[in-house]
Amino acid sequence: MDITLYHAPSTAALAVHWLLLELEWPHQVRSLDLEKREHKTPEYLKLNPAGLVPTLVIDGQAICEAAAIVMHLGDLAAARELAPPPGTPERGQYLRWMFFMANTLQPAYRAWFYPAEPAGPENVEASRRAARARIEWAWEEVARHLSAGGPYVLGARLSVADFLLTMLMRWSRNMPKPVDHWPVLHAYAQRMKARPSFKEVYAREGLTDWT
Ligand SMILES: N[C@@H](CCC(=O)N[C@@H](CS)C(=O)NCC(=O)O)C(=O)O
């Protein structure tokens, strides 16, 4: 497979980059400078019409949306058993948490980091307040889930969901209530951060925070 990741460091692309390293799949990385708006060029918009990172191109086919990309990689790497097979009860739980992340956590984070988007620049404070409440509620739910089961999202078995979840946890690091506030989330994050592939993605993206 010919794989190219379009990304920018420390963004929603990190989960994809990290999973590629975990799988040890050869790939090329194209870094886009968001400040220079390289993600809004006509060439890039052909791959990702929303003008966002990440995009993964596999054998000429572009796939957008971080959650969709990591799920697709999990399915392609079936032998690694990081994605439960379709139709199994575990798949149902997997889908539930993947969609929770993509539908609840990610949009709330988007509103936190881009607070003018939901209701314009004049409502930035209200948007951030609402986003923060939603994010903290979501982490409360995840903490409850991991306390009842764990140590991973799907229980005993590591899955693609853990890579996406850890990335989303990282995004809370400069928020008023980072995930480390919840002991169960802190312990979970420490476990995920201990993976050699996490250290590798950090090195490749030049990251040093939240270690
Ligand atoms: N739903 C998209 C969201 C991606 C997203 O918001 N990416 C941010 C970086 S974390 C981005 O590209 N921001 C640049 C912009 O909005 O112009 C996904 O999961 O891929």
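Ligands are counted one by one from 1 in listed order, and the atoms in each one are counted from 1 as well.
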For this session: Can you pull out the closest protein heavy atom to atom 20 (O) of ligand 1? Residue, atom name and distance to 0.1 Å, please.
Result: Ala66 N, 3.0 Å

Exercise. Is Lys40 near ligand 1, meaning one of its heavy atoms is under 4.0 Å from it?
Worked result: yes

Exercise. At a non-hydrogen distance cut-off of under 4.0 Å, which region of Tyr114 contacts ligand 1 (side chain, backbone, both, or neither)?
Worked result: side chain

Exercise. Should one rank Arg110, Arg37, Glu65 by closest heavy-atom distance to atom 2 (C) of ligand 1, which comes out on top?
Worked result: Glu65

Seminar exercise, completed: for atom 19 (O) of ligand 1, nearest protein heavy atom and its distance come out as Gln106 NE2, 2.8 Å

Exercise. Charged N to carboxylate O under 4.0 angstrom, Arg170 versus Asp209?
Worked result: yes

Exercise. Hey, is Glu200 close enough to Arg204 for a salt bridge, meaning N to O under 4.0 Å?
Worked result: yes

Exercise. Taking NZ, NE, NH1 and NH2 as the nitrogens, is one of them in Arg144 or Glu141 under 4.0 Å from a carboxylate oxygen of the other?
Worked result: yes

Exercise. At a 4.0 Å threshold, what atoms of ligand 1 neighbour a non-hydrogen atom of Pro54?
Worked result: 20 (O)

Exercise. Among protein heavy atoms, which sits nearest to atom 7 (N) of ligand 1, and what does the distance come to when rounded to 0.1 Å?
Worked result: Val53 O, 3.0 Å

Exercise. Is Arg91 atom CZ crowded by more than 12 heavy atoms from other residues, nucleotides or ligands, each under 6.0 Å away?
Worked result: yes

Problem set entry | Any N/O pair Gly51/ligand 1 closer than 3.5 Å | no

Seminar exercise, completed: When distances are taken from atom 17 (O) of ligand 1, the protein heavy atom at minimum range is His39 NE2, 2.9 Å

Exercise. What are the two closest non-hydrogen atoms of Val153 and Asp162, and how far apart are they?
Worked result: N-OD1, 3.0 Å

Exercise. Taking atom types as modelled, is there a side-chain donor on Ser31 or His7 under 3.5 Å from an acceptor on the other?
Worked result: yes

For this session: Return yes if a side-chain donor-acceptor contact under 3.5 Å exists between Tyr94 and Thr88, otherwise no.
Result: no

Exercise. Does an N or O anywhere in Thr11 fall below 3.5 Å from an N or O of ligand 1?
Worked result: no

Exercise. Identify the closest protein heavy atom to atom 10 (S) of ligand 1: which residue and atom is it, and at what distance?
Worked result: Ala12 N, 3.2 Å

Exercise. Quick one: is the NZ or CZ of Arg195 closer than 6.0 Å to the six-membered ring centre of Phe198, and within 45° of its axis?
Worked result: no

